[in-house]
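These notes concern the structure reproduced below.
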Amino acid sequence: MKTITVGEREIRAAVTMGEAIEAVRRGFVDLVGGEFEMPTRTALRDGQFLVMSAHHRSTASAMFKTLSVNFARRPAIAGTVIWSETGRLDQLVADAGAVTALRTGAVVGVATDLLAPPEAGRLTLIGAGGQAPDQVRAVHAVRPLRQLTVVDADARRARALVGTLESELPGVELRTVSDAEAAVRTAEIVCCATNATSPLFPASALPAHVHVNAIGAFRPTMRELPDELLADSTVVVDELDAILAESGEIIHALEAGAVTKDALTELGTALTATAPSPASPAAHGNRTVFKSVGVAAQDWALAHLLADKFLP
């Protein structure tokens, strides 16, 4: 029996964003198809320690992820992903920070490809932390960008992110600003990747036609989006049970009566609709929202890619 360990550099070298997006897309199709045994993740110390697991029935494979979260350190996310199969003895252990960033970017790519207008190319990204680069890469993979505006209270961090991405975005207009409300006014796509506990902008600041991704808030005490936006948009979520347990903005909007559970469409359902569904590009309204807290099927999808590449 061998245990193969792969770090961040090896993961980044082995997996392209396009591959990650397609793997996560297939994962959500399998999730809605009943292929996964996937308990809601365990959160300890109010989400500072997280444990996630998923068993994929048809491949007899499983993924187990443990991580710690501390926004005061760099990187904020650290831990391990373990891949195991009944059909072979070898196991893979991967860096959880890299896997989490890739799969979180990838699911935004899947949702943006489904929900954003085909011509959308102006992205406003709010939050320049560890998840931010892969948010931009994923959106750019499915909607080639013309303009990127990065919003962060720390101007140096925003400039550093732009510097990191500059070589990957030739010909794209790159800007950094500190005012989120002003920055979203002309956006066609908005990505929120913060640890905010109150909405980042009022719904009235957004254009009439816009797609919004929100991936930062993963505890009931956290919120990035206002109730009014959720009430006035087609809302797609990664997985309903996880959202109802962990998404502060959805929980708040439900309690306020701004939305109902029936108005929330799971991503897998939207992807597999054979006719225009409430979340399909043919049926959605002027504003669409994708809310994700992250589910283990995403981590399984990335771990499956890595197992195929690194295990004998």
Side-chain angles (χ1 to χ4, degrees), residues 8 12 17 20 69-78 97-98 100-109 111-112 116 120-207 210-219 222-226 229 248-249 289-292 294:
E8 180 176 7
R12 293 289 180 178
M17 181 54 75
V69 182
N70 181 354
F71 293 113
R73 77 182 181 201
R74 293 293 179 269
I77 294 174
T100 300
L102 265 172
R103 61 81 146 155
T104 305
V107 76
V108 161
T112 300
R122 294 196 303 270
L123 169 64
T124 292
L125 169 70
I126 306 177
Q131 302 302 307
D134 287 307
Q135 295 292 294
V136 177
R137 291 170 181 137
V139 172
H140 187 55
V142 298
R143 294 293 185 273
L145 295 178
R146 301 185 305 276
Q147 182 186 84
L148 169 64
T149 301
V150 179
V151 184
D152 198 282
D154 185 337
R156 289 176 297 179
R157 191 163 73 161
R159 289 194 297 270
L161 175 62
V162 166
T164 297
L165 293 170
E166 189 171 11
S167 64
E168 302 177 40
L169 302 172
V172 178
E173 179 188 352
L174 304 174
R175 306 188 303 163
T176 63
V177 300
S178 58
D179 186 344
E181 183 173 344
V184 301
R185 290 192 183 279
T186 58
E188 294 168 322
I189 302 169
V190 176
C191 286
C192 304
T194 74
N195 59 351
T197 56
S198 59
L200 299 169
F201 48 79
S204 60
L206 290 164
V210 67
H211 172 64
V212 179
N213 299 299
I215 60 92
F218 64 95
R219 299 300 297 144
M222 304 169 75
R223 288 176 69 201
E224 294 184 302
L225 306 180
L229 173 60
E249 45 266 282
V289 170
F290 174 62
K291 173 58 198 171
S292 174

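This structure is a prediction, so every number in the text was calculated from the model and none was measured.
Here the shortest heavy-atom pairing between Ala138 and Ala106 reads CB-N, 4.3 Å. The heavy-atom pair separating Ala116 from Ala120 by the smallest distance is CB-CB, 4.5 Å. The two atoms that bring Ala132 and Gly127 nearest to each other are CB-O, 3.3 Å, heavy atoms only. Summarising the geometry of Ala187 relative to Val210, their closest heavy-atom pair is O-CG2, 3.7 Å, with the distance given to 0.1 Å. Considering all non-hydrogen atoms of both residues, Ser292 and Val107 come closest at OG-CG1, 4.1 Å. Heavy atoms only, all atoms of each residue included: Ala217 and Glu249 are closest at CB-OE2, 3.3 Å.
Between the CD1 atom in Ile77 and the CG atom in Asn70 there is a gap of 11.0 Å [rounded to 0.5 Å]. A distance of 11.5 Å separates CD1 of Ile126 from CG of Asn213, quoted to the nearest 0.5 Å. Between atom CG of residue Leu206 and atom OG1 of residue Thr124 there is a gap of 9.5 Å, rounded to the nearest 0.5 Å. Separation of atoms CG (Leu125) and OG1 (Thr149) is listed at 9.5 Å; rounding is to 0.5 Å. Once rounded to the nearest 0.5 Å, the distance linking CG of Leu225 with CG of Leu200 reads 7.0 Å.
For Arg156, the CZ atom sits in a loose shell: 12 or fewer heavy atoms of surrounding residues, nucleotides or ligands are nearer than 6.0 Å.
Across Arg146, His211, Gln147, a single residue satisfies side-chain hydrogen bond (donor to acceptor under 3.5 Å, both in side chains) together with Glu188, and that is Arg146.
The salt bridge (charged side-chain N to carboxylate O under 4.0 Å, His left out) check on Arg175 picks up nothing, with sequence neighbours excluded. Taking the salt bridge (charged side-chain N to carboxylate O under 4.0 Å, His left out) definition, one finds that Arg157 meets it with Asp152, sequence neighbours left out. Residues passing the side chain to side chain contact (heavy atoms under 4.5 Å, CB included) test with Val162, sequence neighbours excluded: Val150, Leu174, Thr176. Evaluation of the salt bridge (charged side-chain N to carboxylate O under 4.0 Å, His left out) rule for Glu181 yields Arg185 as partners, not counting sequence neighbours.
With a 4.5 Å cut-off on side-chain heavy atoms, Pro207 and Thr186 do not count as touching.
Sorted by first and then second residue, the side chain to side chain donor-acceptor pair (under 3.5 Å) pairs involving residues 125-142 (not counting sequence neighbours) are Arg12-Asp134, Asp134-Arg137, Arg137-Glu168.
With hydrogens and angles disregarded, no donor-acceptor distance shorter than 3.5 Å links the side chain of Thr112 to the backbone of Val139.
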Side-chain donor-acceptor pairs under 3.5 Å in residues 190-199, sequence neighbours left out?
from   : atom 1 : to     : atom 2 : distance (Å)
Thr194 : OG1    : Ala196 : N      : 3.2
Thr194 : OG1    : Glu224 : OE2    : 2.8

